Number of protein chains: 2
Amino acid sequence: MPPKPKTALQRQQIRTAILNAARDLFVERGVEAATMREVARRMNFSATAIYLHFKDKETLIRELCTTDFLTLAHELRAIETIADPIERLRLLGMGYVQFAITHPNHYRLMFMSPQIVHDTDSSSTEPDNPEQDAYASLYSMVVDAHAANLFRAELINPELIAQTLWAGLHGICALEITMKNDKCIAWCDLTERVALMQGALMRGLLRNHGTTTQIR
Amino acid sequence: MPPKPKTALQRQQIRTAILNAARDLFVERGVEAATMREVARRMNFSATAIYLHFKDKETLIRELCTTDFLTLAHELRAIETIADPIERLRLLGMGYVQFAITHPNHYRLMFMSPQIVHDTDSSSTEPDNPEQDAYASLYSMVVDAHAANLFRAELINPELIAQTLWAGLHGICALEITMKNDKCIAWCDLTERVALMQGALMRGLLRNHGTTTQIR
DNA sequence: AGTTTATGTTGACACTGTTAACTTAACATC
DNA sequence: GATGTTAAGTTAACAGTGTCAACATAAACT
């Protein structure tokens, strides 16, 4: 294994190769299956070579999730073009749930694991974290709907509304990921649960709680 | 350390002593801080002595959570005496959230960690698991309310309603536990979030969506 | 007294993440 | 061209972890 000085591009290629190798293990069997040593093994590296490219396992996995979540955020960008604020919110929620269900390990690590303290001043070069990104787009949609006077009069704080909508969908995703195989509970169909959550929350939050927003 | 044959009572005392020692570490610094070796150290046991009383770490911690959750379930029993089904549901939700926030590590392990497959036939002697217990009491309350014709006409499945209510509150608890220190998000007051979630879901699910159920 | 048995302890195995010290090949400079 | 510098990678090691197998011991039973 001859060491040659690598150009910046080559170095980046190795980084993404490591990320891909780690992802294979990660998406399939979770964080603790994605061993640093196993990743190195698959790269034909020695166990410690990974540390030349990533500070530690934490940052490796975290960076992996970050990039994947950012691609999601960009995919969901198309939804922002939809005119009707309510329909926009509904579709955003659907996309969110869909991602959580198809990438449970990513979701678990981003939203269901103890967070890094995320000190403000640290390495300075990570201004856009995906969770903020996702929440920000939800929030902006809520602000739009609020500006259009669509919410009930008492609801004066868009932030509170956004956090409630998020919590509702997160609850469904989290329970599905964690307990879908729990035989003690007769789980209803996932899409039914999502539809009812969205329908009920909308009906509970919106001003004209009548015919337009229908609970299926 | 002289080994004497222990009576069943003594054996049970040792078990609970181990559980208590483990709980100290667990509630304070989480699962991975509750090391088998550290528990043994605090008991003045050798590292492997714990395994004479518990099959492995998994079952130790799981049993710890189970008992604590069951005591919660019994505390919440008082709520069942409340006459108004809606108020009953509301208080149950409040108690649930309160427990989750004051025992975040318990909650995390019970509802936010990959579940054991919980094969039906195993050791046979664990019929009442607390998550089923909690869900069962929620479900029975929903059934009552449903029998009293309080829900909207379209909502014919109490199970679906119960799971939606659970998911809503679980979402709040889970986000609070995982991300309360995330500075990227301007979290609203927790009790406000709970109140809005309960109010909105109730308004969205109940039949008379008018003056009685007020969103604060 | 001698045997059995529950209750422990010691030592070990196979892992993990991670750091320190060493090796090697490619480049820049005198 | 010989020399040094340095990035890239290796091996060895440390301090942990959960857990099992083999051994020890003291009480109880026959």
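Not measured: the values here are computed from a predicted model. Just so it is clear, the values below take in all heavy atoms, side chains as well, and ignore hydrogens, waters and symmetry mates. Just so it is clear: chains get the letters A, B, ... in the order the sequence lines come, proteins before strands, and each one is counted from 1.
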For [X] and [N], give me the distance from atom [atom1] to atom [atom2], rounded to whole Å.
X	N	atom1	atom2	result
A/Phe54	C/dG17	CZ	P	15 Å
A/Lys57	D/dT17	NZ	C1'	13 Å
B/Tyr51	C/dT9	OH	P	14 Å
B/Gln10	D/dA26	CD	P	17 Å
A/Ile18	D/dA8	CD1	C1'	12 Å
B/Arg29	D/dT17	CZ	P	11 Å
B/Asn44	C/dT7	CG	P	19 Å
B/Arg62	D/dG18	CZ	C1'	17 Å

For [Y], does its backbone N or O pair with a side-chain atom of [X] as donor and acceptor, under 3.5 Å?
X	Y	answer
A/Thr178	A/Leu175	no
B/Ser113	B/Arg108	yes
A/Arg193	A/Cys188	yes

N/O (side chain, A/His53) to phosphate O (OP1/OP2, D/dG9) under 4.0 Å: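 For D/dG9, OP1 or OP2 has a side-chain N or O of A/His53 closer than 4.0 Å.
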A/Asp56 and A/Thr59 side chains, donor-acceptor separation under 3.5 Å: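 Short answer, yes.
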Upstream residue (5' side of DNA chain C) when B/Phe45 and A/Thr35 are each assigned their closest nucleotide: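 Closer to the 5' end of DNA chain C: B/Phe45.
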Polar pairs (N or O, both sides) under 3.5 Å between protein and nucleotides 11-14 of chain D?
from	atom 1	to	atom 2	distance (Å)
D/dT11	O4	A/Thr48	OG1	3.0

A/Leu52 side-chain proximity, nearest of C/dT18, D/dT19, D/dA8: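 Taking heavy atoms from C-beta onward, the closest nucleotide is D/dA8.
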Of the listed nucleotides D/dC20, C/dT18, D/dA8, the one nearest the side chain of A/Arg11: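 When the side chain of A/Arg11 is considered, D/dA8 is the closest of D/dC20, C/dT18, D/dA8.
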Parallel, tilted or perpendicular: rings of A/Trp187 and B/Tyr135 (30°, 60°):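 Plane angle between 30° and 60°, so tilted.
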Mutual orientation of the aromatic rings belonging to A/His106 and A/His103 [parallel < 30°, tilted 30-60°, perpendicular > 60°]: perpendicular
Working for ring pair (Phe, Tyr, Trp, His ring centres under 6.0 Å), residues A/Tyr51 and A/Phe45: CA-CA 11 Å; A/Tyr51 291 87; A/Phe45 274 176; over 10 Å; no
Salt-bridge contact B/Glu58-B/Arg62 (side-chain N to carboxylate O under 4.0 Å):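 Salt bridge present between B/Glu58 and B/Arg62.
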Between the first and last five pairs of the helix from C/dA1-D/dT30 to C/dC30-D/dG1, the angle of the axes, rounded to 10 degrees: 30°
Intermediate values then yes/no, ring pair (Phe, Tyr, Trp, His ring centres under 6.0 Å), A/Tyr107 and A/His170: CA-CA 10 Å; A/Tyr107 192 83; A/His170 171 69; 5.7 Å; yes
